[in-house]
Amino acid sequence: MAILILLTGLLLTWEVEDPVRVTESTAAQQAPLVTVVAVSAAETTASVSAYGGVRSRWNTEVRSAVAGRVVERSVIVLWPVNE
């Protein structure tokens with residue numbers, strides 16, 4: 001009985017699958033057009049200038065996990081503490 005169920009499942013799977021159809025082509029593919037420019041060595045200075053804005057994806061709020069007040073903080077802390 002188990003073999004019959006297995007064969008039925010395999011048959012249903014075989015019928016349901018939709019194989020991808022790939023076509024073969026013997027035509028040569030067209031190479032992309034290129035432009036050739038004669039160049040010579042020279043010193044040049046490149047200058048890149050840009051500007052933009054940065055916006056955070058999420059707004060976050062940092063809170064302490066315990067109640068109390070701040071009595072001392074390190075000088076390397078980046079955000080101000082309301083004392």
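Source: prediction; values computed, not measured. Heavy-atom basis, side chains included; hydrogens, waters and symmetry copies ignored.
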Q | Cluster companions of Val39 among Ile, Leu, Val, Met, Phe, Trp, Tyr (side-chain spacing under 4.5 Å) | A | Val37
Q. Apart from Met1 itself, which Ile, Leu, Val, Met, Phe, Trp or Tyr residues share its cluster (side-chain heavy atoms under 4.5 Å, direct or through members)?
A. Ile5
Q | Partner set under side-chain contact (heavy atoms from CB on, under 4.5 Å) for Ser47, not counting sequence neighbours | A | none
Q. Residues two or more places apart in sequence or in another chain: which of them pass side-chain contact (heavy atoms from CB on, under 4.5 Å) with Val48?
A. none
Q) If you group Ile, Leu, Val, Met, Phe, Trp and Tyr whenever their side-chain heavy atoms sit less than 4.5 Å apart, what else falls in with Leu7? A) Ile3
